[in-house]
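Accompanying notes for the structure given below.
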Amino acid sequence: EEILAGAPVPLAWPKDLRKGTDTLDVWIDSGSTHAATLKRGQGGTHWPADLYLEGSDQHRGWFQSSLWTSVIAFNAAPYKAVLTHGFMVDEEREKISKSKQGQGGYTKPQTADRYVNEYGADVLRLWVASQDYRNDIVVSEERLKKVGETYRMLRNTLRYQLSNLYDFDPARHTVPDAQLTGLDRWVLGEFAKLEAAVAAAYDAYEFHVVYQRVSQFAAVELSAIYHDVIKDRMYTDAANSPRRRSSQTALHRMVTRLSQMLAPILAFTADEAWEFIPGKPTPSVHLSEWEAKAFTLGEKESRDWFQRFELRNIALTHLEKRRQQKHLGKSLEAHVFIVWGKNALLAPLFNDIGEEAIQVQELLNVSGVRLAPDTANPETSEMSIDVFVGHGKRCERCWHWETEVGTNADHPTLCPRCEAREAREYADNNPHVADCMGSPSYPATWEDIVWTSYDDNDEGGYSLPTDMPDWRENR
């Protein structure tokens with residue numbers, strides 16, 4: 001009577017209604033679920049929970065009532081950590097609600113099914129991961145399309161790395177860390193920093209940081225630098241050359257661990273890439289265990305690479321000037337001449353001129369680099385960089401511009417470097433030749449292999465010089 005006083009009561013209701021006294025408050029009811037589930041170990045759970053996840057409004061609700069009941073009953077919190085998130089809002093910053101959805105308040109349905117069908121499940125996952133959920137999350141077509149572009153960039157990163165491992169067997173071709181080329185050691189050192197940062201972000205549930213760090217690394221260190229620079233060694237070096245196998249070792253390590261890093265937020269894509277990784281340790285990436293691994297460069301090595309990239313940035317401005325003057329198209333059309341005084345900031349980098357020229361040439365992706373100390377003014381702290389274009393002819397195999405292209409009449413379109421590679425590949429594909437190279441009984445080298453023409457049409461093949469001892473006699 002106290003509750004229903006003055007209210008119209010349907011005739012079908014019983015006449016002996018009474019007020020109940022055993023109904024729990026809704027917050028006490030939900031706040032004690034930890035005792036009914038976790039304490040009993042239902043579904044393999046354990047108490048306390050690793051994480052309670054809810055909206056920011058639950059600090060006064062479920063989080064609070066769960067804490068009260070648990071402290072009263074068990075003298076401890078029912079969770080190890082609490083994670084709160086904002087709300088999904090539309091472009092007008094209005095909360096996306098079920099009621100508005102049902103009333104046709106949106107031009108397009110604001111449902112997961114609709115976005116999955118339009119963009120794909122992994123793009124939607126990546127978009128969710130890219131958002132700082134601690135604030136309200138704006139759902140907009142523009143943001144989803146931008147994340148879709150990032151997804152394609154990450155997918156292409158995995159594709160590039162996998163495509164260059166088609167002939168790589170980790171058991172036979174892996175190069176030890178100490179024998180990796182300097183460029184490969186640099187990128188693995190940077191990749192180790194990425195792994196550490198991503199692992200820390202996952203531990204802190206900062207998935208947007210994972211998105212930012214991985215996408216930035218893929219766009220800058222990999223796409224703009226490493227993947228671009230190693231094209232020469234991957235596509236024009238002999239298949240078994242130490243330099244190419246070194247880069248394949250680095251690519252294999254990165255694509256394996258990158259797939260593991262991306263697995264929590266790109267479940268399908270990471271597992272799809274995993275299928276094509278040579279020598280993968282488990283059938284699925286989701287069955288593998290990922291733990292960030294260190295790869296540390298020495299102090300001098302780190303300093304040298306820092307200075308090389310400083311030099312690269314300076315030299316690229318000179319290349320860009322030539323490009324703007326319409327004197328230069330592709331970077332491979334250029335040769336770079338660097339002269340420095342012994343007091344120049346980067347002078348310590350040039351202690352080994354021959355080795356450094358190779359490193360710098362590869363970083364700049366030009367056809368040649370010449371380094372020379374300033375003999376006219378040796379005490380200067382200046383460093384000058386000149387760019388020369390149209391030096392020689394373009395080799396049709398490596399696209400480098402060299403003055404020695406065509407010096408061998410049998411190969412008028414190849415540079416000497418590519419000629420030697422052709423010879424090496426011939427030996428690699430003919431074991432009876434390769435097995436004897438450099439052996440005590442047959443002291444030939446790769447340069448001893450010569451082209452033999454069989455007819456006037458220059459159809460022939462590589463063979464050993466006639467003045468060499470017959471390999472068959474010493475096999």
Side-chain angles (χ1 to χ4, degrees), residues 44 50-51 53 83 85 88 96 108-133 137-166 168 170 191 194-195 197-223 227 251-293:
D50 291 317
L51 184 71
L53 170 66
L83 189 151
H85 58 77
M88 306 285 282
I96 296 177
K108 295 181 180 179
Q110 299 295 309
T111 63
D113 283 347
R114 178 238 156 171
Y115 286 111
V116 167
N117 291 335
E118 184 169 346
Y119 295 99
D122 269 6
V123 172
L124 191 59
R125 286 192 182 100
L126 189 62
W127 169 75
V128 171
S130 72
Q131 303 299 303
D132 186 352
Y133 54 78
I137 298 175
V138 178
V139 182
S140 72
E141 298 291 331
E142 182 182 354
R143 296 191 181 201
L144 277 161
K145 288 178 181 178
K146 185 175 181 180
V147 171
E149 294 173 2
T150 302
Y151 168 79
R152 285 186 287 276
M153 184 265 294
L154 293 174
R155 185 178 178 87
N156 286 335
T157 296
L158 297 171
R159 288 181 63 184
Y160 176 92
Q161 295 181 339
L162 289 171
S163 68
N164 282 290
L165 296 174
Y166 69 93
F168 182 75
F191 187 76
L194 171 70
E195 281 197 287
V198 168
Y202 272 130
D203 288 342
Y205 305 108
E206 294 183 335
F207 306 109
H208 65 290
V209 175
V210 175
Y211 169 85
Q212 292 167 359
R213 294 300 295 264
V214 173
S215 59
Q216 183 179 21
F217 185 85
V220 179
E221 280 85 351
L222 291 182
S223 180
H227 285 176
L251 289 173
H252 182 264
R253 189 175 303 181
M254 285 191 291
V255 75
T256 301
R257 305 184 69 75
L258 194 55
S259 297
Q260 292 174 313
M261 262 191 280
L262 291 171
I265 55 178
L266 292 180
F268 294 152
T269 304
D271 210 34
E272 182 184 3
W274 189 262
E275 293 180 17
F276 297 94
I277 296 176
K280 55 184 178 291
T282 58
S284 167
V285 68
H286 303 298
L287 298 176
S288 67
E289 185 173 343
W290 171 66
E291 184 178 353
K293 290 186 177 179

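Counting heavy atoms from C-beta outward, F217 and V198 have side chains that stay 4.5 Å or more apart. The closest side-chain heavy-atom distance from L51 to Y205 is below 4.5 Å. Residues Y151 and S215 fail the side-chain proximity criterion, which asks for heavy atoms closer than 4.5 Å. In this structure the side chain of W274 never reaches within 4.5 angstrom of the side chain of H286, judged on heavy atoms. Here the side chains of T150 and M153 are in contact, with some heavy-atom distance below 4.5 Å. Taking the side chain as every heavy atom from C-beta outward, E149 and K145 never approach each other to under 4.5 Å.
Across R257, Q260, K280, a single residue satisfies side-chain hydrogen bond (donor to acceptor under 3.5 Å, both in side chains) together with S288, and that is Q260. Evaluated for a ring pair (Phe, Tyr, Trp, His ring centres under 6.0 Å) with H252, the options F276, F191, Y166, F168 yield exactly one hit, F168.
Scanning all heavy atoms of the two residues, the minimum distance from I265 to R125 falls at O-CB, 3.2 Å. I277 approaches S259 most closely through the heavy-atom pair CD1-OG, 3.9 Å. Taking all atoms of both residues into account, the shortest heavy-atom contact from V123 to V147 is O-CG1, 4.0 Å.
For the pair R114 and E141, the salt-bridge criterion is met [side-chain N within less than 4.0 Å of a carboxylate O].
Although no hydrogens or angles enter the test, the distance criterion places no donor-acceptor pair under 3.5 Å between the side chain of D271 and the main chain of A267. For the pair Y115 (side chain) and L124 (backbone), a donor-acceptor distance under 3.5 Å is absent.
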